[in-house]
Amino acid sequence: MPELPEVEVVRAGLDSLVRGATITGVQIYRDSCVRLTPGGPGEFADAVDGRSIAAVVRRGKFLWMLLDGDASEVALSAHLGMSGQFRVHAGDAPPAHRHCRARFTLTYPGEPQRALTLDFLDQRTFGYLHVEPVTATADAAPGGQGSPATVVPHSVTHIARDVLDEHLDRDHTIAALRTGKRAIKQVLLDQTVVSGIGNIYADEALWSAQVSPTLAAHALSHSSAQDVLDAAYMVMTHALVQGGTSFDALYVNVNGESGYFSRTLQAYGRTGKPCARCGSAIERIVLGGRSTHRCPNCQADPPPLAAPPLDAPPLDAPNLSDVRHAGELGDLRL
DNA sequence: AGTAGCACCTGATTGC
DNA sequence: TGCAATCAGGTGCTAC
């Protein structure tokens with residue numbers, strides 16, 4: 001399932017391929033893939049046809065193309081849901097795939113020979129496209145004073161900055177993670193607290209920080225909250241680097257089940273297998289209707305006051321200085 | 001205000 | 001073998 005690292009891989013791939021292109025054709029194969037647009041697919045197609053793509057931007061799992069046009073700037077927003085993919089075809093495009101929900105024809109001003117076909121595929125149809133105005137905001141994250149001005153689509157204004165965002169208000173995020181009666185895992189999945197964390201990486205971050213997913217947020221210590229946030233950063237960072245290395249420029253694959261990161265998962269999906277730290281069997285519980293995986297020993301609830309030493313070697317954080325977020329329009333190479 | 005629960009949807013897997 | 005039930009997931013909406 002696409003979470004922040006996978007979406008960033010898609011964003012980077014799309015940005016390198018479609019920036020500067022003009023949308024000269026739109027086909028919608030499944031009307032319901034267009035959402036949050038009152039006029040439906042017709043309005044969507046009319047709004048994006050003829051516009052050029054200035055950049056591909058992301059916050060958390062929300063992705064959008066900034067469109068230049070003669071009217072005010074708008075965004076072609078996309079959410080990949082559980083199974084969304086973008087695929088780019090150079091030259092003659094094959095017939096639309098069975099799961100293709102929308103197809104865009106792209107041309108390049110001054111390069112009449114150059115054209116691309118951009119397909120939006122989505123097997124499970126939780127993903128969607130829409131077109132909407134962008135909004136300048138000091139910071140979409142609640143309480144994030146002092147962050148630089150940012151332009152985000154209207155539908156993204158309530159989404160917090162993500163774990164990899166250098167302007168994430170760390171103190172505010174830690175405080176938010178320690179607020180409320182909800183289990184800490186449910187707070188981690190709340191995209192208005194901190195964005196980009198999905199079910200898989202929430203389990204991984206909590207395993208790494210040795211925090212029980214069922215612990216009430218208000219019972220989380222300040223240092224444990226720091227550990228959880230740091231662990232989320234590490235897990236996301238390593239996934240991003242692995243995803244980036246396997247990325248094919250003309251096949252922008254975000255199918256989480258392709259598993260480029262699954263081999264390094266320590267908790268998610270490992271029910272019954274030994275914990276890499278202590279050997280206890282990883283257990284599966286249901287929390288908020290979502291499957292949750294934890295080590296019953298080193299993620300005991302309540303957590304041990306003195307955490308046992310880590311056997312696993314510490315992770316080194318790769319350099320993320322070239323990961324681009326909303327409002328930052330530099331080049332990116334993975 | 002904060003929280004819980006459900007709808008949305010398809011394909012793979014499991015159970016009978 | 002074939003059918004039915006279950007499961008997976010993120011987000012937005014509604015209800016409490």
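Heavy atoms only: backbone and side chains are in, while hydrogens, waters and symmetry mates are out. Letters go in sequence order (proteins before strands), and every chain restarts at 1.
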Engineer: Between A/Lys181 and B/dG2, is there a contact of a side-chain N or O with OP1 or OP2 at under 4.0 Å?
Structural biologist: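 No, no such contact exists.
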
Engineer: Could you tell me whether A/Asp119 and A/Arg101 have a side-chain N and a carboxylate O separated by less than 4.0 Å?
Structural biologist: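 No, no charged N to carboxylate O under 4.0 Å.
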
Engineer: Separation of A/His130 atom NE2 from C/dG10 atom C1', in whole Å?
Structural biologist: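 Result: 13 Å.
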
Engineer: State whether the side chain of A/Ser195 and the backbone N or O of A/Gln191 hold a donor-acceptor pair below 3.5 Å, judged by distance alone.
Structural biologist: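 Flag not set: sc A/Ser195 to bb A/Gln191 has no pair under 3.5 Å.
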
Engineer: Sort out for me which residue in A/Thr117, A/Thr22, A/Ile53, A/Val88 forms a side-chain contact (heavy atoms from CB on, under 4.5 Å) with A/Leu106.
Structural biologist: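 Between A/Leu106 and the candidates, side-chain contact (heavy atoms from CB on, under 4.5 Å) is satisfied uniquely by A/Ile53.
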
Engineer: Rounded to the nearest Å, what distance is computed from the NZ atom of residue A/Lys185 to the C1' atom of nucleotide C/dG10?
Structural biologist: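 So the two atoms are 12 Å apart, to the nearest Å.
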
Engineer: Expressed in angstrom and rounded to an integer, what is the separation of A/Leu265 atom CG from C/dA8 atom P?
Structural biologist: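 Atom-to-atom, A/Leu265 to C/dA8, this comes out as 16 Å.
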
Engineer: At under 4.0 Å, does any side-chain N or O of A/Arg124 touch on OP1 or OP2 of B/dG11?
Structural biologist: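 Looking at the OP1 and OP2 atoms of B/dG11, neither is under 4.0 Å from any side-chain N or O of A/Arg124.
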
Engineer: Drop me the distance from A/Asp203's CG to A/His293's NE2, to the nearest 0.5 angstrom.
Structural biologist: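 One finds 6.5 Å between CG of A/Asp203 and NE2 of A/His293.
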
Engineer: What does A/Ser291 touch in the nucleic acid at a heavy-atom separation under 4.0 angstrom: a base, only the sugar-phosphate, or nothing?
Structural biologist: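 Here A/Ser291 touches the backbone only, sparing every base.
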
Engineer: A/Gln123 side chain N/O closer than 4.0 Å to the phosphate oxygens (OP1, OP2) of B/dC9?
Structural biologist: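 Result: no.
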
Engineer: Counting only N and O atoms by type, is there a donor-acceptor contact under 3.5 Å from the side chain of A/Gln266 to the main-chain atoms of A/Glu204?
Structural biologist: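 Flag not set: sc A/Gln266 to bb A/Glu204 has no pair under 3.5 Å.
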
Engineer: Using a cut-off of strictly less than 4.0 Å, decide whether A/Arg30 has a side-chain nitrogen or oxygen near OP1 or OP2 of B/dT10.
Structural biologist: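 The answer is yes; a side-chain N or O of A/Arg30 sits under 4.0 Å from OP1 or OP2.
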
Engineer: Starting from C1' on C/dG12, measure out to CD on A/Gln186 and report it in whole angstrom.
Structural biologist: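 Interatomic distance, CD of A/Gln186 to C1' of C/dG12: 17 Å.
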
Engineer: Between C/dA8 and A/Arg284, is there an OP1 or OP2 to side-chain N/O distance shorter than 4.0 Å?
Structural biologist: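 So the side chain of A/Arg284 is within the cut-off, an N or O lying under 4.0 Å from OP1 or OP2 of C/dA8.
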
Engineer: Using atom CG of A/Leu287 as one end and atom C1' of B/dA4 as the other, report the distance to the nearest whole Å.
Structural biologist: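 Distance, rounded to whole Å: 12 Å.
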
Engineer: Under 4.0 Å from OP1 or OP2 of C/dT11: is there any side-chain N or O of A/His158 that close?
Structural biologist: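 False: A/His158 side-chain N/O out of range (4.0 Å or more) of C/dT11 OP1/OP2.
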
Engineer: Can you tell me the distance, in whole Å, between the CD atom of A/Gln191 and the P atom of C/dG12?
Structural biologist: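 Distance check: A/Gln191 CD to C/dG12 P gives 9 Å.
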
Engineer: Between A/Arg98 and A/Arg182, which is nearer to the 5' end of DNA chain B once each is assigned its nearest nucleotide?
Structural biologist: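 Between the two, 5'-proximity favours A/Arg182.
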
Engineer: What nucleic acid atoms does A/Arg35 come within less than 4.0 Å of, heavy atoms only: base, sugar-phosphate, or nothing?
Structural biologist: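 No contact.
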
Engineer: CG of A/Asp203 versus P of C/dG10: gap in Å, rounded?
Structural biologist: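 These atoms are roughly 10 Å apart.
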
Engineer: Measure CG/A/Asp122 against P/C/dG10 and give the value in whole Å, please.
Structural biologist: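 Answer to the nearest Å: 13 Å.
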
Engineer: Please determine whether a side-chain nitrogen or oxygen atom of A/His99 lies at a distance below 4.0 Å from atom OP1 or OP2 of B/dG11.
Structural biologist: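 For B/dG11, OP1/OP2 do have a side-chain N/O of A/His99 under 4.0 Å.
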
Engineer: Under 4.0 Å between a side-chain N/O of A/Tyr128 and OP1 or OP2 of B/dC8, yes or no?
Structural biologist: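 Looking at the OP1 and OP2 atoms of B/dC8, neither is under 4.0 Å from any side-chain N or O of A/Tyr128.
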
